[in-house]
Amino acid sequence: MILEKISEDLLMLAHKSDTVLKDIYARIDGICLYNSDRILEAFIENRVSYSDFAEINGYGNYDEGRDKLEAIFASVLGCEDALVRPQITSGTNAIYLGLSALLKHGDTLLSITGKPYDSLGELIGIYGDSSQSLKAYGVRYEEIDLVDDDFDDDKIIDRIRKGGIKVVEIQRSRGYSDRRSLMIDKIERIIKKIKEVDKNVIIVVDNCYGELVEKREPGHVGADVVIGSLMKNLGGGIASTGGYIAGRKDLIHAVAERLTAPGIGKEQGANFNQNIAFFKGIFMAPSAVRNALKTVVFAAYMLKELGYENVAPAYDEERTDIIQTLELGSEEKLVAFTQGIQSSSPIDSFVKVVSAPMPGYPFNEVMAAGSFTQGSTIELSADAPVIEPYRLYLQGGLTPEYGRLSILLALNGLNDPNKRGCVKTSGK
């Protein structure tokens, strides 16, 4: 039993957390109820039927279930239309699909959240020499850094006024940076200011890790396109693949033609018998997000009480995504904590996490990911670049109970190498 391996001091601190975190958990429950209400209403309005789960093969023509699913995603994300497909293999794939459909030779892409997440660098052409990057296709790229975890409004608006910007990209989550993730009210403010200067600029939000954490999505506050992965929040821990792109109807039409072919757009694409998983995934997503939030709030509290000061967000801060970061101070502790998560995972608990190269990332990485779906980060996982300050990124947790067990075992092994359990050679 895992609980039998945990020190008495840690168990007592975990018991204390239930009282301290009670109101925070209640607030998370309230958001879950609100978003569940929205999603249930979308199911009812779209008259979802058991027949909508039928497999459609070949070209995938006339899939009413797929059409209803995409209408539900559009409603939940505050958008006119959506593309939700198993052919989209990851969040990175979804972002590349969206940007490559919207940007042509000579267009300029402006990131207003600084340098994007590591895996996006090569697709944009910031580094690497891929012949398929946006840069290779003649797309220009500029970026404006955040200031004190907020948009640099003056610099952004000055650049928009100068003209020539086709797409503005906003990364809601922090990625592998030391800045805070961006609350919806901040995104709303900057979108309004940009649109007042140039209403034709297309605003794209990378929504990965943020869905259903707040009561509003970027589409509700004026984003033209919102992009994410079904192996994160909106898959609910049930979808085994897939991604989504939602937004203005004309823009989604363009993205769909990029996915299939001009003149075909959204009309084709076999569902690979995934409709039921996608429907069930978004239906369960509010609960999955709630459980992930309770898991990372618990982790943040425990680490803070154990003397780890650089924990973000703090356990009592408002959140806009499911990511928790913690600075562990050394490679040894980084690997030890990650091993603790891996050794308490339901899948591959026996394997050993080590620092290793990972495709798409410029540094060695460690990752614990004993998940039912490979790459799923709504399931509990932990990953980090193996560089100073040895900051670990923790996310997910299908239930608070499983999350608590994993966190306790990982904490137990931080200072006692003999209690780290069995551990795996890693890859993301």
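From a predicted model like this one, the values you see are computed outputs, not experimental measurements.
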Show me, pair by pair, the donor-acceptor contacts under 3.5 angstrom made by side chains of residues 388-398, not counting sequence neighbours?
| from | atom 1 | to | atom 2 | distance (Å) |
| --- | --- | --- | --- | --- |
| R391 | NE | E327 | OE2 | 3.4 |
| R391 | NH2 | E327 | OE2 | 2.9 |
| Y393 | OH | S177 | O | 3.4 |
| Q395 | NE2 | S381 | OG | 2.9 |
| Q395 | NE2 | D383 | OD1 | 2.9 |

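Shown here are the salt bridge (charged side-chain N to carboxylate O under 4.0 Å, His left out) partners of K280, two or more places apart in sequence or in another chain: there are none. Residues that satisfy the salt bridge (charged side-chain N to carboxylate O under 4.0 Å, His left out) test with K135, not counting sequence neighbours, are absent from this structure. Partners of E318 by side-chain hydrogen bond (donor to acceptor under 3.5 Å, both in side chains), not counting sequence neighbours: none found. Every residue two or more places apart in sequence or in another chain that forms a side-chain contact (heavy atoms from CB on, under 4.5 Å) with D145 is listed here: E143.
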Under the criterion side-chain contact (heavy atoms from CB on, under 4.5 Å), I'd like the reasoning laid out for L134 against Y141: C-alpha separation, chi angles, the key distance, then a yes or no. CA-CA 9 Å; L134 297 179; Y141 172 76; over 6 Å; no
Quick one, R85 with Q274, criterion side chain to side chain donor-acceptor pair (under 3.5 Å). Give me CA distance, side-chain angles, the key distance, then yes/no. CA-CA 9 Å; R85 302 297 168 103; Q274 290 294 308; over 6 Å; no
Report the C-alpha separation of D224 and L251 in whole Å, then their side-chain angles, then the decisive distance to 0.1 Å, and conclude whether the side-chain contact (heavy atoms from CB on, under 4.5 Å) test is met. CA-CA 8 Å; D224 297 299; L251 301 179; 3.8 Å; yes
Walk me through whether N207 and Y244 qualify under side chain to side chain donor-acceptor pair (under 3.5 Å). CA-CA 10 Å; N207 206 30; Y244 72 83; 3.2 Å; yes
Tell me, with the steps shown, if Y137 and Q132 meet side chain to side chain donor-acceptor pair (under 3.5 Å). CA-CA 7 Å; Y137 278 94; Q132 302 303 308; 2.8 Å; yes
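S75 contributes no side-chain N or O that, together with a main-chain N or O of A71, makes up a donor-acceptor pair within less than 3.5 Å. Within the 3.5 Å criterion, the main-chain N or O of T373 finds no donor-acceptor partner in the side chain of S240. The backbone N or O of E267 sits less than 3.5 Å from a side-chain atom of R66, completing a donor-acceptor pair. Remark: side-chain polar atoms of D206 are not paired, donor with acceptor, to backbone N or O of I95 under 3.5 angstrom. When atom types are taken as modelled, the side chain of E309 and the backbone of K304 share no donor-acceptor pair closer than 3.5 angstrom. Judged by distance alone, the side chain of N412 and the main-chain N or O of L408 form no donor-acceptor pair under 3.5 Å. A distance-only check finds no donor-acceptor pair linking the side chain of N61 to the backbone of I56 [under 3.5 Å]. A donor-acceptor pair is defined here as one N or O able to donate and one able to accept, closer than 3.5 Å; no such pair exists between the side chain of E217 and the backbone of G219. One N or O on the side chain of T325 and one on the backbone of A312 form a donor-acceptor pair closer than 3.5 Å. Proximity of a side-chain donor or acceptor of E45 to a complementary backbone N or O of A42 within less than 3.5 Å is not detected.
Remark: the R172 side chain and the S181 side chain contain no N/O donor-acceptor pair separated by less than 3.5 Å. Side-chain N/O atoms of S130 and E122 include no donor and acceptor closer than 3.5 Å. Side-chain polar atoms of S51 and S49 form a donor-acceptor pair below 3.5 angstrom. For the residue pair E379 and S376, a side-chain donor N or O sits within less than 3.5 Å of a side-chain acceptor on the partner.
Other residues, nucleotides and ligands contribute only 12 or fewer heavy atoms inside 6.0 Å of the CD atom of E64. Applying the 6.0 Å contact sphere to NE2 of H220 captures more than 12 heavy atoms from other residues, nucleotides or ligands. When the shell of 6.0 Å around NZ of K115 is examined, it contains 12 or fewer heavy atoms from other residues, nucleotides or ligands. Heavy-atom contacts from other residues, nucleotides or ligands closer than 6.0 Å to CE of M183 number more than 12. Atom CZ of F283 is surrounded by 12 or fewer heavy atoms from other residues, nucleotides or ligands within 6.0 Å.
Checked against L409 for a side-chain contact (heavy atoms from CB on, under 4.5 Å), the options I341, I6, L10 give a single hit: I6. The side-chain contact (heavy atoms from CB on, under 4.5 Å) with I202 is formed by just one residue from the set V168, L109, L102, L103; it is L102.
Taken to the nearest 0.5 Å, the OG atom of S406 stands 9.5 Å off from the CD atom of Q342. For the atom pair CD1 of I387 and CZ of F363, the computed distance is 4.0 Å after rounding to the nearest 0.5 Å. Going from atom CG of L3 over to atom NZ of K5 covers 10.5 Å, rounded to the nearest 0.5 Å. Interatomic distance, CG of D81 versus NZ of K249, reported as 4.0 Å (0.5 Å rounding). To the nearest 0.5 Å, atoms OH (Y308) and CG (L326) are separated by 9.0 Å. From K16, atom NZ reaches atom CG of D18 across 12.0 Å, with rounding to the nearest 0.5 Å.
For the pair V255/L97, a side-chain contact is recorded, criterion being any heavy-atom separation below 4.5 Å from C-beta on. For the pair Y301/L13, a side-chain contact is recorded, criterion being any heavy-atom separation below 4.5 Å from C-beta on. Proximity of V226 to C79: side-chain heavy atoms (C-beta onward) are separated by under 4.5 Å at one or more points. Using a 4.5 Å cut-off on side-chain heavy atoms (C-beta onward), Y402 and L380 make no contact. Residues V205 and I227 are not in side-chain contact: their nearest non-hydrogen atoms beyond the backbone lie 4.5 Å or more apart. Between L83 and E70, the closest side-chain pair of non-hydrogen atoms falls below 4.5 Å. Using a 4.5 Å heavy-atom cutoff, the side chains of L259 and I245 are not in contact. No side-chain heavy atom of L212 sits less than 4.5 Å from a side-chain heavy atom of N233.
Salt bridge absent: D148 and R180 never bring a charged side-chain N and a carboxylate O closer than 4.0 Å. In this structure, K266 does not pair ionically with D63, as no charged nitrogen and carboxylate oxygen lie closer than 4.0 Å. Using a cutoff of 4.0 Å between basic side-chain nitrogens and carboxylate oxygens, D150 and R179 are not scored as salt-bridged. Residues K186 and D149 are not paired through a salt bridge, judged by the lack of any N-O separation under 4.0 Å between the basic side chain and the carboxylate. Between E188 and R216 there is a salt bridge, since a side-chain N of the basic residue sits under 4.0 Å from a carboxylate O of the acidic one.
Residue pairs meeting the salt bridge (charged side-chain N to carboxylate O under 4.0 Å, His left out) criterion with at least one member in residues 46-59, sequence neighbours excluded, are D52-K68.
Taking the six-membered ring where the residue is Trp, F43 and F279 present perpendicular rings, their angle passing 60° and hence far from 30°.
Residue S17 comes nearest to A14 through the heavy atom pair OG-O, 2.5 Å, listed as atom of the first residue, atom of the second, then distance. Scanning both residues, N273 and F53, for their nearest heavy atoms gives OD1-O, 3.9 Å. Contact between Q87 and A270 at its shortest, heavy atoms only, is NE2-O, 3.0 Å.
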